[in-house]
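Proteins get letters first, then strands, A, B, ... in listed order; numbering begins at 1 in each.
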Amino acid sequence: MKRFVGFVRKEFYHIFRDKRSLFILFGMPIAQILLFGFAITNEINNVDIAILDQSNDVTSKEIINKIAASKHFSIVDIIQKESSIESIFKKGKVKAVLQFENNFGNNLIKEKQANVQVLTDATDPNMANTISNYISSILKKYQQELNKNINIDYQIIPQSRMIYNAELKSVYMFVPGVMTVILMLVSAMMTSISITREKEQGTMEILLVSPLKPFQVIIGKVFPYIFLSVINAVVIVLLSIFVFNVPVNGSLFLLGIESVLFIITSLALGILISTLSATQQTAMMISLMGLMLPTILLSGFIFPISSMPLPLQVISNIIPAKWFIIIVKGIMLKGIGIGYIFKETAILVLMTLLFIGISVKKYKIRLE
Amino acid sequence: MNIILYIIRKEFKQIFRNKGMLPIIFILPVLQLVILSNAATYEIKNIQFGYVDTDNSSISRGLIEQFEASTYFNVSERFSSEKEASQAMQEGTIDAYLNIPVHFERDLQKDKTNAIGVFIDAIDGSAAGVINVYITQIIQGYNNNIAMDLIQISDTVQQPNSIDSIPLFWYNQTLNYKTFMVPGILVLLVTMITLFLSGMNIVREKEIGTLEQINVTPIKKHHFIIGKLFPFWMLGMGLLTIGLILAKVIFNTPMLGNLGLLYVYTSVYILVILGMGLFISNFTDTQQQAMFIAWFFIVIFILMSGLFTPIESMPKWAQILTEFNPIKYFVEIIRMVMLKGSGFTDIFPLAIKTLAYAILMNGLAVWSYKKTT
């Protein structure tokens with residue numbers, strides 16, 4: 001035990017001696033969570049659009065004013081002819097063009113029916129779809145104002161309530177995700193590098209011939225990183241509570257336990273990567289190239305998993321981050337207890353055991 | 001010139017000798033492009049939908065049928081009380097539910113208007129907004145139906161005004177997400193591979209001590225830098241080519257513009273990334289530090305590139321920050337050229353910024369690289 005404590009102390013010295021890495025280790029997660037918490041949102045606001053008003057009458061002007069007043073759009077260009085639509089789309093200056101037909105106002109008065117064409121640059125399908133939905137709802141509202149005096153029978157009025165996030169803040173969605181991605185990548189990367197580094201420099205052999213048991217060497221190497229990652233997790237949770245006002249409706253204690261579990265899962269993955277790679281370079285490329293995009297894309301951090309094709313939904317199950325995101329959102333936003341997230345927790349525990357199991361099997365204590 | 005060739009040959013040998021790295025450089029990006037491009041979709045479908053129908057009248061049943069008929073909703077369960085429904089939402093088994101109160105039909109016929117409770121799990125705010133639009137559309141459509149059924153149309157009713165919006169989706173009529181994502185993810189992969197490899201490369205020689213050996217040889221600074229970076233430049237261009245072929249063959253991504261233009265742009269773009277990698281490796285002592293820094297910037301570049309979330313919606317200060325994000329330019333240009341067929345004059349303002357960036361970055365990198373320690 002005393003030997004082990006000595007070894008852990010040595011590891012701490014290693015880490016604290018490298019001031020630059022230490023600064024990066026703590027500075028980066030803070031910088032990232034602040035940046036992303038404020039900047040990233042999948043709402044669609046301030047979209048640049050252009051107007052092509054071939055009618056130029058009172059009604060079309062009124063509608064244009066309504067659209068200009070909306071926070072979703074800003075009108076940056078008024079164009080005169082249809083042929084210029086293509087060129088402004090190609091320059092990427094606007095995302096949509098609103099085209100009022102000839103005699104728009106007259107048609108509305110005479111025929112009670114008039115058309116607006118919403119031309120969208122659908123290279124971004126989500127943006128295009130949302131823009132046309134927003135515009136059509138602005139038009140619907142205007143239409144209702146016009147029809148105020150006409151009695152329409154039988155209306156079922158939906159009264160929507162947004163549960164868990166009444167103001168539809170996207171920070172609620174992104175803070176748990178950013179926290180997960182940061183913890184995952186930092187933990188996996190740190191351990192995989194620190195173990196392969198000893199291999200590459202040849203000092204691993206020295207450790208192996210020492211009286212320390214191999215698993216003590218591994219635990220000793222990982223232990224300081226658990227400690228550091230927990231500090232990171234605490235800082236991130238504090239930031240999300242006090243800076244972004246994300247509530248913690250559930251138990252803070254449970255959130256703490258689950259975070260430690262997830263950190264251990266990530267570290268175990270890091271150990272696994274290190275046993276599979278001979279050089280730091282390989283270890284880093286696996287943990288960066290192999291983990292970064294899958295963790296961002298398949299975890300439900302940005303894109304909803306339920307919308308993915310079935311094979312990908314299946315693949316997403318092996319991404320530890322997916323389960324932790326469910327847990328964090330559950331505890332923080334829904335305020336649920338362990339009973340509801342038992343399955344997710346069990347999966348993380350199993351993954352951890354699996355990673356450690358494979359690592360132990362693959363771990364070579366002899367020289368080649 | 002000969003010296004450069006020797007260094008390049010040495011670098012290539014080192015890359016191809018490392019058998020552990022080869023699959024990471026070549027196979028991993030290809031796999032990710034093919035698999036992950038399918039994952040990135042904001043389209044909302046398969047909405048798990050439940051309802052509480054305490055009225056159980058023909059009108060309420062008719063409304064539920066509308067939801068069952070919709071392709072967006074999976075109507076999963078009828079709950080006997082609101083408490084049960086809200087519990088299911090807490091467990092995460094349903095995304096939204098409808099609460100139809102007692103005497104719903106009777107009150108509707110009496111008052112001609114009646115409210116219905118719609119409850120949506122809004123943790124993903126933008127998805128919740130979309131779900132709300134779908135639900136409202138179904139209910140409004142149903143309103144028109146019952147209006148037809150229940151009233152005799154009298155001639156005295158004044159015809160209401162209607163303004164129709166006709167959506168036209170240019171460049172991507174079917175709103176296919178893959179056309180949008182494949183070029184973007186390709187950009188990420190090219191950037192990540194070239195940045196990580198170049199960032200680690202020189203630091204590695206520093207760490208192992210071989211950099212000193214090279215420093216004492218008559219190799220000039222610029223020989224060394226060109227020789228070091230050229231192989232990675234080749235790798236990046238090669239990866240782009242593989243990616244474009246896959247995009248065409250597997251995803252049938254449109255390529256309307258001039259691919260030559262894209263290649264010329266990419267050759268400048270990769271210089272930005274390589275300059276950055278070199279700059280990082282000049283300021284770090286270990287591979288670990290270099291990778292942490294590269295990782296820090298890559299995550300920021302990816303998430304603020306406009307690839308996954310729109311730049312327009314970011315606050316002003318964040319939009320200004322994205323001006324320093326090389327990935328943003330490449331993502332925008334590759335989409336413009338491939339999907340819209342934009343030409344040289346269209347991309348010129350963005351391309352010139354990239355060129356300036358390349359000169360600046362490489363200037364800094366060369367300036368900060370010292371042969372003496």
- side-chain contact (heavy atoms from CB on, under 4.5 Å) evaluation trace for A:M308 with B:N38: CA-CA 7 Å; A:M308 294 175 193; B:N38 290 298; over 6 Å; no
- Task: Could you check A:Y164 against B:Q90 for side-chain contact (heavy atoms from CB on, under 4.5 Å), going step by step and ending with a plain yes or no?
- Result: CA-CA 10 Å; A:Y164 309 125; B:Q90 215 162 37; 3.9 Å; yes
- I would like to know whether A:E200 and B:R204 meet side-chain contact (heavy atoms from CB on, under 4.5 Å); could you show each step before the answer? CA-CA 11 Å; A:E200 202 170 81; B:R204 177 149 197 260; 4.2 Å; yes
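No salt bridge links A:D124 with B:R335; every basic N to acidic carboxylate O contact stays at or beyond 4.0 Å. The residues B:K340 and A:E86 are annotated as not salt-bridged, no charged nitrogen and carboxylate oxygen being separated by less than 4.0 angstrom. Look at B:E207 and A:R197 and you find a salt bridge, because one of the NZ, NE, NH1 or NH2 atoms lies within 4.0 Å of a carboxylate O, short of that distance.
Interface summary for chain A: among B:E332, B:Q48, B:M314, B:Q319, the most heavy-atom pairs under 4.5 angstrom belong to B:M314. Among the candidates B:T136, B:L168, B:L98, the residue making the largest number of heavy-atom pairs closer than 4.5 Å to chain A is B:L168. Considering only heavy-atom pairs separated by less than 4.5 Å from chain A, the leading option among B:D124, B:L28, B:I25, B:L321 is B:D124.
A heavy-atom distance below 4.5 Å is not found between the side chains of A:Q32 and B:L303.
Residue A:P29 does not touch chain B at all, counting heavy-atom pairs closer than 4.5 Å. For a residue to count as touching a neighbouring chain, one of its non-hydrogen atoms must lie under 4.5 Å from one of that chain's; by this rule A:M28 touches chain B with backbone and side chain alike. Heavy atoms closer than 4.5 Å to chain B are found in the side chain of A:L333, but not in its backbone. Proximity to chain B is limited to the side chain of A:F36, based on heavy atoms less than 4.5 angstrom apart. The parts of B:F292 that come within reach of chain A are both its backbone and its side chain, each placing non-hydrogen atoms under 4.5 angstrom from that chain. Looking at A:L298, the atoms closer than 4.5 Å to chain B (heavy atoms on both sides) all sit in the side chain, from C-beta outward. At a 4.5 Å heavy-atom cutoff, B:I311 makes no contact with chain A through either its backbone or its side chain. Both the backbone and the side chain of B:M89 come within contact range of chain A, judged by heavy atoms closer than 4.5 Å. In this structure, chain A has heavy atoms under 4.5 Å from both the backbone and the side chain of B:M192. In this structure, chain B has a heavy atom under 4.5 Å from the side chain of A:I336, while its backbone stays farther away. Only the side chain of A:L25 comes within contact range of chain B, with at least one heavy atom under 4.5 Å from a heavy atom of that chain. For a residue to count as touching a neighbouring chain, one of its non-hydrogen atoms must lie under 4.5 Å from one of that chain's; by this rule A:I302 touches chain B with backbone and side chain alike. At a 4.5 Å heavy-atom cutoff, A:A278 makes no contact with chain B through either its backbone or its side chain. The parts of A:L108 that come within reach of chain B are both its backbone and its side chain, each placing non-hydrogen atoms under 4.5 angstrom from that chain. For a residue to count as touching a neighbouring chain, one of its non-hydrogen atoms must lie under 4.5 Å from one of that chain's; by this rule A:S287 does not touch chain B. Looking at A:F89, both its backbone and its side chain come within 4.5 Å of chain B, counting heavy atoms on both sides. For A:I63, the part lying near chain B is the side chain, with the backbone staying farther off; criterion is any non-hydrogen pair under 4.5 Å. If you measure heavy-atom distances from B:A128 to chain A, the contacts under 4.5 Å come from both the backbone and the side chain. For A:M284, the part lying under 4.5 angstrom from a heavy atom of chain B is the side chain only.
In summary, the side chains of A:Q281 and B:N201 do not present any donor paired with an acceptor at a separation below 3.5 Å, with no hydrogens or angles considered.
Atom CZ of B:F196 sits about 4.0 Å away from atom CG of A:L288, to the nearest 0.5 Å.
Among all heavy-atom pairs drawn from B:F169 and A:A122, the shortest one is CB-CB, 3.7 Å. Taking every heavy atom of both residues into account, A:M173 and B:I123 meet most closely at CB-O, 3.5 Å. Looking at every heavy atom in both residues, A:P304 comes nearest to B:I44 through CG-CD1, 4.3 Å. Across all their heavy atoms, A:M289 and B:P29 have their closest contact at CE-CG, 4.2 Å.
Sparse packing is recorded around CZ of B:F297, with 12 or fewer heavy atoms of other residues, nucleotides or ligands lying under 6.0 Å away.
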